Protein chains: 2
Amino acid sequence: MLTKQELEEHWAQAEEIYLNHVSIDCVVFGFHEGQLKVLMLKSNNEEAWYLPGGFVLNEEPIEQAANRILKERTGIDEVFLRQFHVFGDPDRTKFHKETYKDNLFFNQRFISIGYYALVDFVDVKPMPDSFSEVCTWRDLNDLPEFQLDHENIFRTALDTLRLQLNYQPIGYSLMPQEFTMPELQKLYETILDKKLDRRNFQRRILGFGILNKLQQTRKGGAHKAPYLYSFNLENYRAALKEGLQGGW
Amino acid sequence: MLTKQELEEHWAQAEEIYLNHVSIDCVVFGFHEGQLKVLMLKSNNEEAWYLPGGFVLNEEPIEQAANRILKERTGIDEVFLRQFHVFGDPDRTKFHKETYKDNLFFNQRFISIGYYALVDFVDVKPMPDSFSEVCTWRDLNDLPEFQLDHENIFRTALDTLRLQLNYQPIGYSLMPQEFTMPELQKLYETILDKKLDRRNFQRRILGFGILNKLQQTRKGGAHKAPYLYSFNLENYRAALKEGLQGGW
DNA sequence: ACAAAAGTGTTTTGTCTACACCCATGA
DNA sequence: TCATGGGTGTAGACAAAACACTTTTGT
């Protein structure tokens, strides 16, 4: 953890260290207790929430920058991370330009590259950045006010996630190692925001041949114990090359 | 047309005029005589071909920059234009950095935003830029050597086009005002690189309700004259909101 | 009159959808 | 023992795929 003074020095140097005019914003999705979540931060000074973001070091590939930023906020590495859109309106950071009038670095135009990440909820240890006091998961059904154009960035990410559901290993990245069929179904229902038929869902998912059915069942529920599954990563990758066929 | 000296002055000022570190590359697709084409330029000095590209003015929205660049190369406005990927490898412009060692502007790292455009072939008047002697259509079956990472950019655009075939008004943008069913089918076959059944194709396309069947037929062929169609733009837009369902 | 391309309709096949019954478990 | 959720199978609807015959036109 840097002291206040070290921080000030860091941002005074930012213009030298980081590639100017380019930023990265990440929409980090997690899934917990049947709810889809986004990782967000709350500003020190106002009731405004924003998405994890950062800048690109002078000689750093952008994918690597996104990974680094994500690791700083979540503690995890090797996450599923995809570029989805670039936000390049000259007015998108108007608020920052006003707030940081005297700061050379922040007072410039930024083209922001949007990434969305899919992570296993339980692995994440949310860590605030130097502008925030809070870093935490927000439920998609209970979102706060967004700063800047971050609402737009978030919406675009969510739309992309829905479109790519059949082309990306979304289940694999968001579910824990072992999970039950109803849990996986809940994930799909949450992302798509619609109910799916239990039996058809099962047949379809199993038909892809991307799951391993385990011998154990999930005990402790008040009812019949469901089987546990894990992903067959090799088959999953192969299947995704072709895209999982058909729409929901 | 600028003189050589005016050009030199322009690029000497580039650092002031354009947003540093950000560039735009466009993959312009056209369709002519049953062949899919890309618009490319050839360097003055070498046997290297590259994609139309340019930079973003300080206060210019990026979509507007892409449109401006496209207009400069093709003469047309209001084209179908979509962002598809950002290319941010620090080494991607290594060649330029070496070639333009003494130029402050070119000798910097560029994050390039990739756009693909779909245009009506006959509307385009290819115009070289200040680094090229030739601007012309290249057949997808007869592509030249690419400069920098432009082969990668092109491939990524083509993959995106295939994926989005059912979600974007691709036929509308690439076909002339009036066209026959076999011509439209050829377009789909070319993009997807596979043969389609004539009757099923027709039923499917007509089923979307996005075409107007005209009374005239295309005379002059050596055989039965096919009917002409035009797009019903209103229905097309509506249908695309939902995505044209099903895969080929 | 024939070759080649275009128009159109029917049968077959397979996939998605809707639905019902049995089973296991904790309360 | 009952309420609840989980496991599994089947018949019907619908859409895609396969396929054949007729029509038009230039040579």
Side-chain angles (χ1 to χ4, degrees), chain A residues 33-35 162 165-167 171 175-176 178-190 192-230 239 242-248, chain B residues 33-35 162 165-167 171 175-176 178-190 192-230 239 242-248:
Chain A
E33 292 178 348
Q35 290 294 337
R162 288 188 173 137
L165 197 52
N166 288 324
Y167 298 94
M175 297 303 285
E178 302 184 344
F179 52 88
T180 67
M181 195 57 75
E183 285 164 2
L184 183 62
Q185 182 178 339
K186 193 79 211 293
L187 170 65
Y188 274 76
E189 289 181 336
T190 307
L192 295 168
D193 199 22
K194 71 159 101 159
K195 282 252 163 279
L196 302 172
D197 183 275
R198 211 155 44 91
R199 294 148 287 196
N200 295 335
F201 178 81
Q202 181 150 165
R203 181 181 18 251
R204 195 133 121 80
I205 289 280
L206 290 178
F208 294 138
I210 55 178
L211 294 184
N212 300 320
K213 185 172 186 169
L214 308 179
Q215 290 313 308
Q216 312 105 278
T217 52
R218 168 93 75 213
K219 311 274 182 179
H223 311 291
K224 179 168 181 175
Y227 288 101
L228 286 170
Y229 291 85
S230 68
E242 306 296 315
L244 301 178
Q245 290 311 322
W248 301 98
Chain B
E33 291 178 350
Q35 290 294 337
R162 288 188 173 137
L165 196 51
N166 288 322
Y167 299 94
M175 297 304 284
E178 302 186 343
F179 52 89
T180 67
M181 194 57 75
E183 285 164 1
L184 183 61
Q185 181 177 340
K186 193 81 210 296
L187 170 64
Y188 275 77
E189 289 181 336
T190 308
L192 295 168
D193 198 22
K194 71 159 99 160
K195 282 251 163 284
L196 302 173
D197 182 273
R198 212 158 41 93
R199 293 149 287 195
N200 295 335
F201 177 81
Q202 180 150 168
R203 179 177 21 250
R204 195 133 121 78
I205 289 280
L206 291 177
F208 294 137
I210 55 179
L211 294 184
N212 301 320
K213 186 173 186 168
L214 309 179
Q215 290 314 308
Q216 312 105 280
T217 53
R218 168 93 74 212
K219 311 274 182 179
H223 311 291
K224 177 167 183 177
Y227 287 101
L228 287 170
Y229 292 85
S230 68
E242 306 297 315
L244 302 179
Q245 288 315 317
W248 302 96

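These figures come from a predicted structure and were not determined experimentally. Chain A is the first sequence line, chain B the second, and so forth, proteins listed ahead of strands; every chain is numbered from 1.
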Subject >> Below 4.0 Å: OP1/OP2 of D/dG6 and any side-chain N or O of A/K219 >> reply: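 Negative; the distance criterion is not met.
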
From the set [options], return the single nucleotide nearest to any side-chain atom of [X].
| X | options | answer |
| --- | --- | --- |
| B/M181 | C/dC16, D/dG9, C/dG7 | C/dG7 |
| A/Q202 | D/dT23, C/dT17, D/dT8 | D/dT8 |
| B/K224 | C/dG7, D/dG7, D/dA20 | C/dG7 |
| B/N200 | C/dT17, D/dA16, D/dC19 | D/dC19 |

Tell me, do [X] and [Y] make a side-chain contact under 4.5 Å, heavy atoms counted?
| X | Y | result |
| --- | --- | --- |
| A/Y227 | A/M181 | no |
| A/D193 | A/R162 | yes |
| A/L187 | A/E183 | no |
| A/T217 | A/K224 | no |

Original post:
Per the atom types in the model, does the base of C/dA5 pair as donor or acceptor with the side chain of B/R218 at under 3.5 Å?
Top reply: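 No such pair is found, so the answer is no.
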
Original post:
Can a donor-acceptor pair under 3.5 Å be found between the side-chain atoms of A/R198 and the base atoms of C/dT17?
Top reply: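 Result: no qualifying N/O pair found.
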
**OP:** Examine distances only and state if a side-chain atom of A/Q185 and a backbone atom of A/L196 form a donor-acceptor pair shorter than 3.5 Å.
**Re:**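 A pair under 3.5 Å: yes.
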
Whole angstrom is fine here: how far is it from [atom1] in [X] over to [atom2] in [N]?
| X | N | atom1 | atom2 | value |
| --- | --- | --- | --- | --- |
| A/F201 | D/dT8 | CZ | P | 15 Å |
| A/D197 | C/dT15 | CG | P | 18 Å |
| A/L196 | C/dC19 | CG | P | 15 Å |
| B/Y227 | C/dA5 | OH | C1' | 14 Å |
| B/R204 | D/dA17 | CZ | C1' | 12 Å |
| B/R199 | C/dT12 | CZ | C1' | 14 Å |
| B/H223 | C/dC2 | NE2 | P | 17 Å |

Original post:
Closer to the 5' end of DNA chain C via nearest nucleotide, is it B/R203 or B/P182?
Top reply: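 Whichever sits nearer the 5' end wins; that is B/P182.
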
**OP:** Please figure out whether A/A222 or A/K213 has its closest DNA chain D nucleotide nearer the 5' end.
**Re:**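 Result: A/A222.
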
